[in-house]
Structures are given as C-alpha cells and as structure tokens.
Amino acid sequence: MSPIWLVATDEWRFWLRSHIAIGGMAVFLVLIITTSLLAALRIEAETYARINQQDEAEKTFLTQPDRHPHRMVHYGHYLFRTPAPLAQFDPGLDLITGQAIFLEGHRQNTAMFAESTASADFGGLSWLSPALVYQLFAPLLIILFGHGSIARERETAVLSSLLAMGITGRKVIAGKTLALLSMAFLLLLPLIGSGALALSASEPVSSVFLLFGLYFAYLATWVVLTLMASVVLKERSAVLGVMAGLWLALALVLPSVAVNVASNTVSAAGKIASDLVMLADLQELGDGHNAKDPAFKRLRADLLQEYGVEGVEDLPMNFRGVVAMESEKKLTDVLNEYADARMHAEIAQEKVVAKFGWLSPVLAVARASRAIAGTDLANYHHFQRMAEAVRFDFVQGLNHAHVHQLSYRDDINRNRDEDARLRARVDASNWRVLDAFRFQAVSVSERFGNASSAVYMLMAWLVIMLAILFWRGDKLTP
Amino acid sequence: MMLQADSLHVARSGKEVLSGISFSVDAYEVYALLGGNGAGKSTTLLSFLGFLSPTAGSVLVKHTDVYSDIAAARKAIAYLPESASLYEHLTAQENIAYFLQLAGMSASSPAIDAALDRVALSPNARRRKVGGYSKGMRQKTAIALAMLRDTDILLLDEPTSGLDPNAIDEFHQTIRSVADSGKAVLMVTHDVYGACHAADKIGMLQGGKLKGEFAAEGHGIDIEAVRKAFSATVVPS
Ligand SMILES: Nc1ncnc2c1ncn2[C@@H]1O[C@H](COP(=O)(O)OP(=O)(O)OP(=O)(O)O)[C@@H](O)[C@H]1O
Ligand SMILES: [Mg+2]
C-alpha cells in the first residue's frame with residue numbers, strides 16, 4: 001500500500017476514535033439534513049401555492065363580465081414567480097425579493113411578497129438554507145477535523161519518525177489531503193439528496209453536478225488552507241486560532257465590507273427619487289385617457305390624412321383606443337428605460353461585490369451557487385422582464401379590442417345613460433389575451449455563464465493554495 | 001563502514017553544536033555515545049538522518065554522503081527518537097503495524113507479538129491505546145518497532161531511559177544479538193555501566209567535541225577509565 005493511502009486511512013481511524021470529531025460530524029449532519037428537508041418542504045409548498053395563486057388569478061381575470069376594455073386594463077392581473085427547483089438548496093435572493101407582481105396599464109409595479117401559508121414558513125428559519133450551512137458551517141467542521149493533521153504529529157514527535165523513515169513531507173501532506181477531501185465529499189452527500197429532488201422537478205442533471213463540483217472545490221479550498229496552517233504553525237492551538245480568525249475574516253467580515261463598498265461606490269438612485277424624475281418624464285407624453293390632449297395632435301392629423309376623412313368620428317376605428325395604444329407604447333418605452341437603468345445599477349453593485357471573490361472564497365462560492373441555482377439577481381431581473389412582457393401584451397391586447405370592437409361614438413357617449421354604458425362594452429371573450437403563465441428560471445447555459453467568473457475565482461484560490469501547500473510541504477520539518 | 005562522521009561541524013540556530021567530530025561504526029558493532037546534557041549526542045544522530053546539514057565535514061551512511069541521497073540513508077536506518085514518538089490513538093500493535101506498513105514492510109501479528117514479547121510489554125497493555133501508556137511502556141513499544149524494522153543500521157537515542165532494571169538487561173542482550181547478526185548500532189546513553197556492558201566502542205562527547213574513544217579489549221571495556229572520563233566531561237571545565 002502506498003504511504004499516501006496509509007496516511008489517509010490512519011487519519012480516518014483517528015477521527016473515528018475521536019469523540020470531538022464524531023460529535024462535530026453528527027451535529028453537522030443533523031443541521032444539514034434538517035435544513036435540507038425543511039427547505040425542500042418549504043419550496044414544495046411554495047411552488048404549489050404560487051401555481052394555485054396563478055391559476056386563480058387567471059381564472060378571475062377570464063371570468064370577468066362584458067366590460068369596457070379599458071376598465072380591464074385597470075382591473076389588472078397578477079403574476080407569480082414559482083421558485084427555481086434548486087431554490088430548495090440555495091434560495092439566494094428569493095428570500096429578499098418579491099414573488100408577485102400586479103400588472104396593470106400605465107405602470108410597472110415592483111414585486112411584492114406573496115402571502116405564504118404558515119406551514120411553509122417554519123418559524124422564520126428559512127434563511128438558514130443548505131447552501132448557507134455548506135458555505136459557513138462546513139468550513140468550521142473541516143477546521144475541526146484538519147487543524148491537527150500535521151501539527152498533532154509534530155507535537156507528539158511522530159512526524160520526525162515518519163520523516164526519519166524516508167516518508168517525504170509531500171507524501172504525508174498528500175495523505176492528509178486525501179483524508180480531508182474524502183471527508184469533504186461525505187459532507188456533500190446530502191447535497192445530492194437536494195439535487196435529486198430538484199431533478200424530479202425537471203432540473204437538468206448538469207446543474208446539479210456543477211453545484212456539487214462547486215462546493216467540493218470550495219471545501220477543498222478550506223482543506224488546503226487548514227493544512228497549510230497545520231504545516232506552518234507549530235501547535236494545534238495556534239492552528240485553531242489562526243483558522244478561526246481566517247474564517248471570521250473570509251466568511252463574515254469581508255462579505256459585509258464588500259456590500260458596504262458596493263453601495264458606497266455605485267449609487268443606485270433610491271426608488272422614490274427616481275420615481276419622481278420618471279413621473280415628470282411621463283407627464284410630457286400626454287394623458288392616454290384624453291384623446292384631446294395636445295400630445296396626440298400629430299397622431300390625429302396623420303390618421304385623418306391617411307384615411308382622407310374630416311373628423312376622428314369618421315375613422316374606421318376607435319380613435320380613443322388608438323390613443324390608448326399609442327400612449328401605452330410610448331410610456332412603456334420610458335418605463336423600460338428607467339427599469340433598465342435600475343437593473344444596470346444593481347448589476348454594477350453586484351459586480352463590485354463579486355470582485356471581492358478574489359479575496360474571499362466564501363463570496364465566490366455564494367455568487368456561483370446562486371447563479372447555478374437560478375436564484376441570483378439575473379434570475380430576478382429575468383422575472384421582472386418576463387412580467388413586463390406579459391403586462392405590455394395584455395394591455396395592448398385590450399387596447400386592440402378597444403380600437404376595433406368598440407365604436408368611437410359608443411365610446412365617447414358611454415356616460416350618457418345606462419343604455420349607452422351597456423353599449424360601450426366588449427365581449428368577455430376578449431379577456432383571453434392572457435396566456436397561462438408559468439415562470440421559467442433562466443436557462444442552464446445562461447446560469448452557467450453567470451456563474452463562470454466566480455467559478456474561476458474559486459479555482460484560482462484552490463490551485464494557488466494547493467501549489468503553495470505542496471511547495472511548502474517539500475520542506476516539512478519535524 | 002556503515003556510519004562515518006568526518007570532521008563533522010553542525011550549527012543549530014546559528015550556534016555551532018558539533019565542532020569537528022570524527023568516528024565510525026561498522027557492521028557487527030555497537031557504538032555508545034556518552035556525554036552530558038547538551039553535549040551534542042542527539043544532534044549527531046540527527047545529522048546521520050539528514051535533518052541537519054553540516055556546515056563543514058561530512059556524514060556517510062554505507063559509504064554514501066547522507067546529503068547526496070537523504071532518502072537512501074533514511075531507508076537504511078531505524079531511528080529511535082529521544083522521546084518515544086507513537087500514535088496516541090493506536091495500540092502498541094497498531095502503532096507497529098502502521099509504521100512497518102509505511103516502511104513498505106508486511107506486518108504480521110505473530111511477528112509483532114513476538115517482538116513485544118521480547119521487550120516484555122504486558123499482553124494486557126498491548127490491547128490498550130498508547131495514550132494511556134507509561135514512559136517505559138512507550139519505550140518498549142518503540143524498541144520493538146526499531147527491531148522489527150530490520151534495517152542495517154540502528155540509531156537509538158537514550159533507548160533505556162524509563163526502563164526498569166530487568167528491561168534494561170533484556171535490552172542490552174537484544175542489542176548484542178542484533179549487532180551479532182551483522183547490523184551496526186549507534187546509541188546515545190547516560191548509563192556508563194550499561195554502555196560498557198553492551199558496547200564494543202564508547203565515544204565521549206563534550207561541548208560538541210569527541211574527547212576520547214574506548215574500545216573493548218579482551219574482557220570488555222575498562223569501566224573505571226570510562227567512569228573517570230565521563231565525570232570529567234560532566235564537570236564544567
Ligand atoms: N531544536 C534546537 N534548536 C536549536 N538548538 C538546539 C536544538 N536542539 C538542541 N539544540 C542545541 O544543540 C546543543 C546540543 O544538543 P543535543 O540535543 O544534541 O544534546 P544532547 O547531547 O542530546 O543532550 P541531552 O543529553 O540533554 O539529550 C545544545 O546546546 C542545544 O542547546
Ligand atoms: Mg539528546
């Protein structure tokens with residue numbers, strides 16, 4: 001048997017005989033398995049609830065009686081975002097972004113938090129996701145298991161016996177690395193459970209694989225860091241102290257520094273401030289409810305000329321509907337411009353935070369994990385864009401009915417009496433402008449693309465640290 | 001010649017601790033290094049293992065300069081460190097089996113048991129983890145391991161420290177038979193009488209210098225002469 005393999009199996013024997021190691025492992029397993037189960041239940045309940053709410057919203061809209069089409073534009077509609085299958089592993093931004101958007105004419109609403117049933121809430125522990133357990137607690141377990149690997153043997157002088165037998169430092173370190181990596185692999189087995197559940201929710205197997213590989217590389221980075229400390233420092237207590245400090249710095253301090261730096265360097269204008277500016281812009285477009293607004297003078301003149309008629313009442317379509325349609329289009333262009341600017345600012349902030357991944361593997365893995373799971377900013381923007389597309393289509397669909405199914409004369413006389421009101425209605429079959437909506441997370445290839453830079457950062461961490469460890473391991477001294 | 005030091009100079013932490021010592025150990029020979037604390041005995045052993053490179057002079061193992069092929073030197077040597085270094089989470093049996101496997105040797109339980117019998121480690125203790133052993137029990141285990149390594153050369157740093165008188169006698173007999181089977185033994189000791197009893201040659205080390213060598217002639221080494229020389233080295237001059 002090769003010395004590397006022998007050293008690795010002996011390390012396992014040591015752990016299996018150590019109460020601290022077994023206790024630590026047991027606590028971790030309980031933690032990861034309960035969080036995984038709770039998260040899976042929560043996501044299932046949530047998916048079910050969102051689909052129900054979506055169906056309910058569509059049914060309510062479709063069963064509205066005959067009406068004036070513009071009343072339906074203001075009646076509005078709801079869109080619900082079902083969680084991505086891997087959200088049960090890493091809910092990412094889902095925890096702080098809304099899942100429901102109210103769609104209506106002339107405005108883009110922000111997403112709200114859809115009501116969740118009490119059973120899906122689990123006492124407010126939903127922030128403790130399996131991903132977070134792996135990102136924050138698994139490194140602690142690796143430090144617990146690995147801090148003594150070399151330092152312990154140095155303290156009891158067996159290291160000098162090993163070296164005196166002609167076992168090279170590199171082989172000893174390789175054996176310890178192998179043991180700790182196999183341990184990291186075991187820690188990740190519950191992730192396969194979460195992944196299997198996601199697969200049954202039609203998540204492609206490639207993303208589950210990538211997620212597993214990502215966390216393995218992340219834990220491997222901690223393995224190498226811990227071993228490095230154990231090689232360089234003389235005593236176990238020193239290794240523990242240094243690694244605990246490093247964990248604090250990489251897992252807690254740097255992430256909050258990164259967020260602070262991002263919000264200070266990239267100013268995303270506050271929602272209220274930018275809304276005020278936007279309102280001013282929108283006012284210049286004219287009021288789409290008022291066909292006599294001077295803003296539509298040009299439109300009127302063009303149409304009259306095109307059809308060679310004297311007044312709008314002679315046009316073969318409802319001019320009020322045309323105005324509604326035209327104004328919705330212009331208004332949407334402006335709204336989208338502001339929405340794009342806001343998204344860009346958010347992306348710019350995220351990029352600043354992302355750069356800190358070069359300093360902290362915790363930040364790198366967190367970003368890559370969200371991206372692969374489909375719970376990152378890109379996915380949230382994807383939902384907002386999807387919702388806006390649906391909003392624009394259904395509003396313009398109703399406006400189309402307004403233009404072609406309701407005469408101008410009936411329309412302007414709609415408030416004269418009850419009969420006139422009834423005449424100014426279109427058939428409820430026109431409400432079928434809605435397609436059944438199911439939210440789809442961004443495609444796998446796009447998600448991998450979003451994750452790539454963070455994956456490279458993590459790989460750089462791992463490769464550089466591994467190289468230093470084995471270079472230093474050549475000079476291992478008793 | 002199995003071991004040879006040639007005007008060996010070694011410095012530790014910038015301070016010279018060996019100042020030009022020369023001696024050699026042949027096969028079939030037990031060589032004992034005597035000297036007071038800090039004389040440089042352990043340092044001499046570590047130099048043969050390639051842990052401390054000489055500032056001048058050389059150390060040879062089987063005619064080859066140690067520092068030109070450290071791995072070869074280490075493979076030829078079984079080393080018993082000053083404080084028996086064993087894995088606390090393993091029993092004596094497991095410790096020996098593990099080290100032997102690491103050395104690329106097969107480790108059969110009967111062979112290990114036989115070796116532990118020879119050092120008289122109680123069968124009761126063999127099933128317990130080394131973490132609960134006394135100093136002497138650890139020392140016995142380490143000696144058994146060094147014997148089982150079956151290398152051409154043994155470097156033993158104070159092998160009898162912690163052993164009871166019976167075990168010391170037993171050890172000296174063992175060492176003798178090991179050397180008689182063609183191996184070279186270099187051991188460090190503070191035990192003048194034991195050294196005279198078991199060794200073929202004694203080197204007296206003081207302040208990093210070899211102050212004299214005593215060889216067995218006819219009826220062994222002249223104990224009185226060694227004792228006198230030893231007292232002289234440990235009295236501060
Ligand atoms: N790790 C070390 N770093 C620096 N100097 C050391 C180290 N170990 C020993 N020395 C120094 O080297 C000199 C020789 O030490 P050495 O251990 O060889 O003595 P020794 O003869 O084995 O003594 P003892 O009988 O106490 O075991 C001493 O002066 C000691 O201070
Ligand atoms: Mg010594």
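Lettering follows sequence order; numbering is per chain, from 1.
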**Student:** Kindly check if the number of other-residue, nucleotide or ligand heavy atoms within 6.0 Å of OH (B/Tyr67) is above 12?
**Tutor:** yes

**Student:** Can A/Arg17 and B/Glu88 be said to form a salt bridge (charged side-chain N to carboxylate O under 4.0 Å, His left out), step by step?
**Tutor:** CA-CA 11 Å; A/Arg17 291 178 183 189; B/Glu88 312 257 310; over 6 Å; no

**Student:** Need one label for A/Leu6: side chain, backbone, both or neither, based on atoms under 4.5 Å from any heavy atom in chain B.
**Tutor:** both

**Student:** Just how far is it from atom CG of A/Leu16 to atom NE2 of B/His89, taken to the nearest 0.5 Å?
**Tutor:** 10.0 Å

**Student:** Report yes if some heavy atom in the side chain of B/Tyr87 is under 4.5 Å from a heavy atom in the side chain of A/Glu153; otherwise report no.
**Tutor:** yes

**Student:** Around A/Lys171, counting heavy atoms of other residues, nucleotides and ligands shown, do more than 12 lie under 6.0 Å from its NZ?
**Tutor:** no

**Student:** Which one wins on heavy-atom pair count under 4.5 Å against chain B: A/Pro3, A/Ala164, A/Ser18?
**Tutor:** A/Ala164

**Student:** Does A/Asp474 have more than 12 heavy atoms from other residues, nucleotides or ligands lying within 6.0 Å of its CG?
**Tutor:**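 Enclosed: over 12 neighbouring heavy atoms sit under 6.0 Å from CG of A/Asp474.
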
**Student:** Decide whether B/Ser85 and A/Ser161 meet the rule of one side-chain donor and one side-chain acceptor closer than 3.5 Å.
**Tutor:**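 Yes, side-chain donor-acceptor contact under 3.5 Å.
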
**Student:** With a 6.0 Å cut-off (strictly less than), is the heavy-atom count around CD1 of A/Ile20, excluding the residue itself, greater than 12?
**Tutor:** no

**Student:** Is it the side chain or the backbone of B/Leu49 that comes within 4.5 Å of chain A heavy atoms, both, or neither?
**Tutor:** side chain

**Student:** Sort A/Leu163 into side chain, backbone, both or neither according to what part of it lies under 4.5 angstrom from a heavy atom of chain B.
**Tutor:**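 Interface part for A/Leu163: both.
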
**Student:** Where does A/Arg152 contact chain B at under 4.5 Å (heavy atoms): side chain, backbone, both or neither?
**Tutor:**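 For A/Arg152, neither part sits under 4.5 Å from chain B.
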
**Student:** Of the listed residues (A/Asp10, A/Leu162, A/Thr156), which shares the most heavy-atom pairs with chain B below a 4.5 Å separation?
**Tutor:** A/Asp10

**Student:** With a 4.5 angstrom heavy-atom cut-off, is it the side chain or the backbone of B/Phe51 that approaches chain A, or both, or neither?
**Tutor:** side chain

**Student:** So which part of B/Leu46 gets closer than 4.5 Å to some heavy atom of chain A, the side chain, the backbone, both or neither?
**Tutor:**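 Contact with chain A is absent: no heavy atom of B/Leu46 under 4.5 Å.
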
**Student:** For a side-chain contact (heavy atoms from CB on, under 4.5 Å) check, start with the C-alpha distance between A/Met165 and B/Tyr79, then their side-chain angles and the critical distance, and finish with the verdict.
**Tutor:** CA-CA 8 Å; A/Met165 276 170 47; B/Tyr79 167 59; over 6 Å; no

**Student:** Drop me the distance from B/Leu52's CG to A/Thr477's OG1, to the nearest 0.5 angstrom.
**Tutor:**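 So the gap between those two atoms works out to 11.0 Å.
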
**Student:** So, do B/Asn95 and A/Val158 sit near enough that their side-chain heavy atoms are less than 4.5 Å apart?
**Tutor:**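 No. Closest side-chain heavy atoms not under 4.5 Å.
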
